[in-house]
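Accompanying notes for the structure given below.
This chain uses plain numbering: 1 for the first residue, then up along the sequence. All heavy atoms count here, side chains included; hydrogens, waters and symmetry mates do not.
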Amino acid sequence: MAPAGGGPGLRAAASFLELLTVSSPSYWIGLLLLTVFSFQLRIFPVTGDQGFAALVLPALTLALPMAGVLAQVLREGLEAALEQPFALTARSRGLSRTAVALRHALRHSALPLVTLTGWLAGSLLGGAVLVETVFGRPGIGALMLQAATGKDMPLVVGLVLLSAAAFVLASTLVDLLYLVIDPRLRTDRVTG
């Protein structure tokens, strides 16, 4: 089945792009972005920690694999939601496939996406070490590696607690977003 507003060719291209970004290691994506945008086109600096331009390539390097996973989950969720009875009813009332996808199916397919986004946001620190190394940027990942190799236990414990706090914050935000996305989860009374 083609995505809303696109044909089988668009779906195949999107699937290939998603697969490519998901299966590529972050250091390889970083090196590829450096080669194209820093060495060949000279748009962004190679290394450094000053200014917005120095953040673009590291941010893209961390974001692309996650964007591929999220796109796969969203596409699969939309395709499943568009086959549900509520979508067929909306289509029979004259709404286009795109309108049904945007107004109705997107909300139904958002819960798995939000869950995965919370988990991925909390796990960014693991990929940050490689990205910081490739781009020569100081950061929490490099600091954690330096503290672990230097046996600086108070700093290691502090950074682990910071990482745990990031996971807890991401999980809390995901739970709160559930209530916004799906009104069926809200209750006005306490059940016992």
Side-chain angles (χ1 to χ4, degrees), residues 3-6 10-38 41 43-49 51-82 101-102 105-145 159-182:
L10 181 62
R11 178 176 180 211
S15 294
F16 175 75
L17 195 59
E18 291 164 0
L19 181 64
L20 185 66
T21 58
V22 168
S23 61
S24 300
S26 60
Y27 67 86
W28 185 82
I29 292 173
L31 291 174
L32 184 66
L33 290 174
L34 272 175
T35 302
V36 172
F37 293 105
S38 293
L41 299 176
I43 297 174
F44 298 107
V46 176
T47 61
D49 59 352
F52 176 75
L55 291 174
V56 173
L57 293 181
L60 275 174
T61 302
L62 286 171
L64 283 174
M66 292 182 187
V69 171
L70 294 174
Q72 285 177 336
V73 170
L74 180 61
R75 186 175 42 82
E76 299 276 333
L78 277 174
E79 289 175 358
L82 287 171
L102 292 176
L106 191 58
R107 181 176 290 246
H108 287 272
S109 61
L111 287 178
L113 187 72
V114 169
T115 302
L116 189 58
T117 302
W119 180 80
L120 287 172
S123 66
L124 269 175
L125 290 176
V129 175
L130 288 173
V131 172
E132 290 167 1
T133 304
V134 167
F135 289 98
R137 294 191 53 86
I140 292 178
L143 183 62
M144 174 70 100
L145 184 62
L159 291 173
V160 167
L161 288 175
L162 180 66
S163 300
F167 270 107
V168 169
L169 180 63
S171 295
T172 303
L173 289 174
V174 164
D175 288 343
L176 292 174
L177 274 174
Y178 278 177
L179 298 175
V180 172
I181 293 171
D182 193 353

What are the two closest heavy atoms between Ile181 and Arg107, and how far apart are they? O-NH1, 2.8 Å
Decide yes or no for Leu74 and Leu106: does some side-chain heavy atom of the first lie under 4.5 Å from some side-chain heavy atom of the second? yes
How close do Gly77 and Ser109 get, heavy atom to heavy atom, and via which atoms? C-CB, 3.3 Å
Distance check, rounded to the nearest 0.5 Å: Leu78 atom CG versus Leu102 atom CG? 8.5 Å
About how many Å separate OG1 of Thr172 and CZ of Phe167, when rounded to the nearest 0.5 Å? 13.0 Å
Heavy-atom distance under 4.5 Å between the side chains of Thr61 and Phe135, does that happen here? yes
Rounded at 0.5 Å granularity, tell me how far OG1 in Thr117 sits from CG in Leu177. 9.0 Å
Interatomic distance, Thr35 atom OG1 to Leu41 atom CG [nearest 0.5 angstrom]: 10.5 Å
Side chains of Met144 and Val160 in contact at under 4.5 Å (non-hydrogen atoms): yes
Do you know the tightest heavy-atom contact between Val114 and Val174? O-CG2, 3.4 Å
Please enumerate all residues that pass side-chain hydrogen bond (donor to acceptor under 3.5 Å, both in side chains) together with Tyr27, with sequence neighbours excluded. none
Closest heavy-atom pair, Ala81 versus Ala105, reported as atoms and distance to 0.1 Å, is CB-CB, 3.7 Å
Going by heavy atoms in the side chains, are Leu62 and Ser26 under 4.5 Å from each other? no
Between the CG atom in Leu145 and the CD1 atom in Ile140, the distance rounded to the nearest 0.5 Å is 14.0 Å
Nearest heavy-atom neighbours spanning Leu57 and Ser38: CD1-OG, 3.4 Å
Output the distance between atom CG (Leu120) and atom CG (Leu113), rounded to the nearest 0.5 Å. 9.5 Å
Residue pairs fulfilling side chain to side chain donor-acceptor pair (under 3.5 Å) with at least one residue in residues 14-23, sequence neighbours excluded: Ser15-Arg75, Glu18-Arg75
Exercise: identify the closest heavy-atom pair between Val134 and Gly30: CG1-C, 4.1 Å
